[in-house]
Amino acid sequence: MLDLTSDHRVVIELSELQLPTLSRGTTVAVYTNVTSDHLDRHGSLEGYRWAKRRLAELVDADGALVLNADDPVVAAYADLSVARPVLYRLDEPLPGGVGVVDDWIVAAGVVPLAPAGGGGGAPGESGRIMPIGELTIPGRHNVSNALAAVATGLLFGLPPDAIRRAAAAFSGVEHRLEPVGVVDGVRFVNDSQGTQPDAVIAALRAFDPPIVIIVGGRDKGVDLTELAAVTAERAAAAVVIGESGPNLARLFGAAGLARIETAPTLEEAVRTADAIARERLAAGEEGPATVLLSPAAASFDMFVDYAARGRAFKESVGRLADERRTRGTR
């Protein structure tokens, strides 16, 4: 931080714990979605939403609010600030916003901010920035995230070609739909940061079946009913772990998921999920099968944090791959 100057632009991710402590805002605030999370900490959904909207209330008057128009809670934040709202959505862009037209990310007159120090070029008459097929991060929700990033880049005057190159080169971050490897036709994905149901639902929809999901940990006090329904629809099986495992097994069974296994450790969960995935492939289902760690729970019952859980998952997959390699079955 000591090397930063007034010419730098800093991107900061703030948690709902930090937001209520703010005494000033930022030049730009980006909101992707506000769902139900951390109710064990905030006591109610309204308490959580109050914490999340604090930054929107403090954004600089000559700045901008980049808001997901597909999320009604987030879209309503446009009325909380005198800053300019820039809306994005997975459809034709609204005036002054960003959207998708004919599988291209398109901008509709996003004007750079005055504090940006001048633009680096605007999109052509069509407003096209890049085809969504160039994005390497999986899932429709990540297309939406890319729209937010494109809008922010345009606000700071970045050239559209530079935005396109950067977005196409971005392969994701650790513990968020992170590809770990493919072993005997089974793809392993580390989504340990998927601690709330909406994130897990997005993960389940990001991959083609068959999917075996590993879920469970310390419950966060949120409603898991929709997650249970989507899991029954999208997953071939679930392997449950941790404190919330029994409740998840009950919910998934009630929603119609046919196969649910319980594992005492994450290591055992990986091996059980791998065996189920290979059974599905052997039965003739088209591969790759996906083993997805997306816990829908905090990690603190078994690990110090989500990152430790994700690393343990990757280490378990690595041991499995080594064993197969040693036996000559890869």
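Please read these numbers as outputs of a predicted model, since none were measured by experiment. Along the sequence shown, residues carry numbers from 1. Hydrogens, waters and symmetry mates play no part in the numbers below; they use all other heavy atoms, side chains included.
Criterion: ILVMFWY side-chain heavy atoms under 4.5 Å apart, direct or through other members. Under it, V106 and M130 are not part of a common hydrophobic cluster. Cluster annotation: L94 is connected to Y77 through the hydrophobic network of ILVMFWY side chains, with a link wherever side-chain heavy atoms come within less than 4.5 Å. Note on V82 and L155: separate hydrophobic clusters, where clusters join Ile, Leu, Val, Met, Phe, Trp and Tyr whose side-chain heavy atoms are under 4.5 Å apart, directly or indirectly. Note on L147 and V111: separate hydrophobic clusters, where clusters join Ile, Leu, Val, Met, Phe, Trp and Tyr whose side-chain heavy atoms are under 4.5 Å apart, directly or indirectly. The hydrophobic clustering, which links ILVMFWY residues whose side-chain heavy atoms are closer than 4.5 Å, places V100 and L135 together.
Looking only at atom types and distance, the side chain of E267 has a donor-acceptor partner in the side chain of S316 under 3.5 Å away. Side-chain atoms of S244 and D219 include no donor-acceptor pair closer than 3.5 Å. Looking at S192 and N190, their side chains never bring a donor and an acceptor atom within 3.5 Å of each other. In the model, H141 has no side-chain atom that pairs as donor or acceptor with a side-chain atom of S144 under 3.5 Å.
Taking a cutoff of 4.0 Å between a charged side-chain nitrogen and a carboxylate oxygen, E174 and R311 do not qualify as a salt bridge. Here D322 pairs with R325 in a salt bridge; the nearest charged N to carboxylate O distance falls below 4.0 Å. A salt bridge links E57 to R54: one of the charged nitrogens lies within less than 4.0 Å of a carboxylate oxygen. Taking a cutoff of 4.0 Å between a charged side-chain nitrogen and a carboxylate oxygen, E261 and R259 qualify as a salt bridge.
Counting only heavy atoms from C-beta outward, the side chains of V74 and T32 never approach each other to under 4.5 Å. At least one side-chain heavy atom of R187 sits less than 4.5 Å from a side-chain heavy atom of F207. L204 has its side chain within reach of L292: a pair of non-hydrogen atoms, C-beta onward, lies under 4.5 Å apart. A 4.5 Å side-chain heavy-atom check between V239 and I213 finds every atom pair outside the cut-off. Using a 4.5 Å heavy-atom threshold, the side chains of V186 and L281 count as touching. Within the 4.5 Å cutoff, the side chain of V182 has no heavy atoms near those of the F188 side chain. In this structure the side chain of V28 reaches within 4.5 angstrom of the side chain of V66, judged on heavy atoms. Using a 4.5 Å heavy-atom threshold, the side chains of E134 and R164 count as touching.
Across every non-hydrogen atom of F313 and L266, the tightest pair is N-CD2, 3.7 Å. Of all the heavy atoms in P85 and A78, the pair that sits closest is CB-CB, 3.9 Å. Closest non-hydrogen pair, A228 versus L251, comes out as CB-O, 3.7 Å. Here the closest heavy-atom approach between residue V30 and residue A148 is recorded as CG1-CB, 3.9 Å. When every heavy atom of D305 is checked against every heavy atom of F300, the shortest pair comes out as CA-CE2, 4.1 Å. Nearest heavy atom pair, residue A289 against residue A277, reads CB-CB, 3.8 Å.
In this structure a side-chain-to-backbone donor-acceptor pair under 3.5 Å is present from E178 to H175. Remark: side-chain polar atoms of R309 are not paired, donor with acceptor, to backbone N or O of M302 under 3.5 angstrom. Without hydrogens or angle criteria, R271 side chain to D274 main chain gives no donor-acceptor distance under 3.5 Å. Panel note: side chain Y31, backbone A56; a donor-acceptor pair is recorded below 3.5 Å. One N or O on the side chain of T136 and one on the backbone of F170 form a donor-acceptor pair closer than 3.5 Å. No side-chain donor-acceptor contact under 3.5 Å links D60 to the backbone of D62.
Taking OG of S294 as the reference point, atom CZ of R176 lies at 12.0 Å (rounded to 0.5 Å). Here the CZ atom belonging to F156 is positioned 6.0 Å from the CG atom belonging to L113, to the nearest 0.5 angstrom. Summarising the geometry, atom CD1 belonging to I163 is positioned 4.0 Å from atom CG belonging to L154; distances are rounded to the nearest 0.5 Å. Remark: T231 OG1 to E226 CD distance equals 10.0 Å, nearest 0.5 Å. With rounding to the nearest 0.5 Å, the separation of OH in Y88 from CG in D71 is 8.0 Å. Here the CZ-CG distance, from R234 to L257, works out to 13.0 Å after rounding to the nearest 0.5 Å.
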Practice item. Walk me through it: do R53 and L80 pass the test side-chain contact (heavy atoms from CB on, under 4.5 Å)? Key: CA-CA 8 Å; R53 67 174 173 255; L80 296 178; 3.8 Å; yes

Practice item. With side-chain contact (heavy atoms from CB on, under 4.5 Å) as the test, would you mind laying out the steps for L293 and V189 before giving the verdict? Key: CA-CA 6 Å; L293 171 67; V189 178; over 6 Å; no

**Study point:** CA sep, side-chain torsions, deciding dist, call: Q196, V200, side-chain contact (heavy atoms from CB on, under 4.5 Å)
**Key:** CA-CA 7 Å; Q196 51 100 356; V200 181; over 6 Å; no

Practice item. Output, in order, the C-alpha distance, side-chain angles, deciding distance and verdict of side-chain contact (heavy atoms from CB on, under 4.5 Å) for R84 and L65. Key: CA-CA 6 Å; R84 171 173 33 127; L65 272 171; over 6 Å; no

Practice item. Could you go through the salt bridge (charged side-chain N to carboxylate O under 4.0 Å, His left out) check for R278 and D184 one step at a time? Key: CA-CA 8 Å; R278 286 187 289 112; D184 290 346; 5.1 Å; no

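Within 6.0 Å of CD in E285 there are more than 12 heavy atoms belonging to other residues, nucleotides or ligands.
A side-chain contact (heavy atoms from CB on, under 4.5 Å) with V291 is found for exactly one of I214, V183, V180, namely I214.
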